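Structure record follows, encoded as structure tokens.
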Amino acid sequence: MADVGIAMVDNRPAEITLQPLKERRWRVYAGRLVLVALWLGSWEVAGTYWIDPFFYSKPSLIWQKLVDWFTEGTSYGSIWLQISYTLQEAVYGFALGAIVGVVLGVVLGRSRFLSDVLAPFIKAANAIPRIVLASLFVIWFGFGMSSKVATAFVLVFFGVFFNAFQGAREVPKVIDDNSRILGASRLQMMRTVVLPSATSWILASLHTAFGFALIGAIVGEYTGADKGLGMLIAHSQGTFDSAGIYAAMIIMTALALLAEAVLTLVERRLTRWQPR
């Protein structure tokens with residue numbers, strides 16, 4: 001009888017013994033909410049009884065600042081105007097940096113001669129502090145949107161470039177040789193072998209690239225601008241309004257998470273051919 005009992009246990013359907021996926025997902029969400037609640041609650045209590053909210057603020061003050069911005073506007077106009085301005089700069093810088101980074105990365109990844117010639121110049125340019133470039137871009141392009149797009153472009157370009165370069169270099173030699181033996185042209189090789197091989201590398205860099213684009217836009221606005229979230233952060237710093245700084249950071253985080261969700265959907269569409 002013991003043997004029969006063991007056999008019956010072993011033959012149970014797998015789905016009965018495994019935790020349902022939806023239940024696990026909700027437990028993960030619940031765990032995240034608990035962590036956020038504990039963090040915000042402890043911050044609120046500390047800001048009320050132990051630390052000075054003038055310097056460290058607290059969640060209730062930050063929430064009130066967000067409510068004021070979205071209902072009454074900022075001292076520089078509608079908060080939606082500031083968000084749209086920063087978002088435009090980030091999107092333009094992200095698009096330009098991603099396109100140029102992918103093209104140059106793949107081209108240099110497939111050309112040993114060009115990569116050897118340009119390698120020291122690219123490494124030297126990558127070593128320049130971005131804050132210095134942001135200051136130069138303000139001098140070159142003025143306080144308008146162009147200087148912020150240039151800063152976002154620089155931050156995006158190098159991350160995408162190095163990943164695309166490595167992805168183009170990682171094409172298996174067997175596949176490369178077989179494609180050449182079958183008579184594939186350079187364009188066919190690029191379209192059917194190199195780009196699919198580098199897709200995972202490129203998409204991985206794009207997930208962080210938009211965050212860098214936002215940082216570039218904010219840094220450019222902080223350096224000098226008349227609109228944008230970076231300008232609000234600079235104004236809040238000048239008036240010792242720590243709640244305003246945190247409020248702008250929360251808006252930036254929400255924009256970055258929204259962009260991450262969109263990029264994840266695009267990645268799933270582009271990598272449907274890969275086994276999960």
Side-chain angles (χ1 to χ4, degrees), residues 76-108 118 121-167 198-199 201-235 245 248-267 270:
Y76 292 92
S78 169
I79 185 62
W80 296 108
L81 174 64
Q82 317 305 328
I83 292 174
S84 64
Y85 194 76
T86 300
L87 196 57
Q88 287 180 64
E89 296 165 348
V91 169
Y92 293 154
F94 171 78
L96 292 173
I99 293 172
V100 177
V102 168
V103 172
L104 287 183
V106 171
V107 169
L108 295 186
L118 298 178
F121 303 103
I122 294 174
K123 293 177 181 178
N126 186 42
I128 299 175
R130 306 299 187 261
I131 189 65
V132 175
L133 292 177
S135 302
L136 285 175
F137 291 151
V138 170
I139 296 174
W140 295 347
F141 305 121
F143 290 99
M145 187 178 291
S146 299
S147 58
K148 287 70 179 175
V149 173
T151 306
F153 167 84
V154 170
L155 284 172
V156 172
F157 167 77
F158 287 102
V160 175
F161 168 81
F162 287 117
N163 270 42
F165 179 87
Q166 191 63 35
T199 297
W201 290 82
I202 295 171
L203 290 175
S205 66
L206 293 181
H207 279 285
T208 57
F210 192 82
F212 284 129
L214 270 177
I215 292 172
I218 295 297
V219 168
E221 292 169 353
Y222 188 86
T223 305
D226 56 357
K227 288 190 290 292
L229 295 175
M231 182 269 301
L232 289 181
I233 292 175
H235 173 74
I245 297 176
M249 290 170 58
I250 289 174
I251 296 174
M252 289 172 52
T253 302
L255 293 176
L257 291 176
L258 180 61
E260 170 69 17
V262 173
L263 288 171
T264 300
L265 292 176
V266 173
E267 180 181 13
L270 293 177

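Please read these numbers as outputs of a predicted model, since none were measured by experiment. Counting from 1, the numbers follow the sequence of the chain as shown.
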How long is the gap from OH on Y92 to OG on S146, to the nearest 0.5 Å? 11.0 Å
Looking only at heavy atoms, which two atoms of A164 and G101 are closest? And how far apart? CB-O, 4.0 Å
Interatomic distance, M231 atom CE to Y76 atom OH [nearest 0.5 angstrom]: 6.0 Å
Which heavy atom of F141 sits nearest to which heavy atom of A150, and what is that distance? CE1-CB, 3.9 Å
Taking every non-hydrogen atom, the tightest pair across F137 and S147: O-CB, 3.4 Å
Side chain to side chain contact (heavy atoms under 4.5 Å, CB included) between F161 and N126, worked out: CA-CA 11 Å; F161 168 81; N126 186 42; over 6 Å; no
Exceeds 12 heavy-atom contacts within 6.0 angstrom, atom CZ of F212: no
Give, for atom CD1 of I251 and atom CD1 of I233, the distance between the pair rounded to the nearest 0.5 Å. 9.0 Å
Backbone of L118 reached by a side-chain donor or acceptor of K123 within 3.5 Å: no
Closest contact, heavy atoms only, N163 versus W201: ND2-O, 2.9 Å
If only atom types and distance count, is the side chain of E260 paired as donor or acceptor with the main-chain N or O of G211 below 3.5 Å? no
Between V156 and F210, does a side chain to side chain contact (heavy atoms under 4.5 Å, CB included) hold up when you go through it step by step? CA-CA 7 Å; V156 172; F210 192 82; over 6 Å; no
Correct closest heavy-atom pair for A152 and A217 would be CB-N, 4.2 Å
Identified side-chain contact (heavy atoms from CB on, under 4.5 Å) counterpart of F165 within the set V160, L108, I122, L104: L108
Of L229, T86, I83, which is the lone residue that meets side-chain contact (heavy atoms from CB on, under 4.5 Å) with M252? L229
Rounded at 0.5 Å granularity, tell me how far CG in L214 sits from CG in L87. 7.0 Å
May I ask you to test the Y85-E221 pair for a side-chain heavy-atom distance under 4.5 Å? yes
dist K227:NZ -> S78:OG (nearest 0.5 Å) comes out at 12.5 Å
Just verifying a value: how many Å separate I202 CD1 and H207 NE2, rounded to the nearest 0.5 Å? 12.5 Å
Closest heavy-atom pair, A213 versus F94, reported as atoms and distance to 0.1 Å, is CB-CB, 3.9 Å
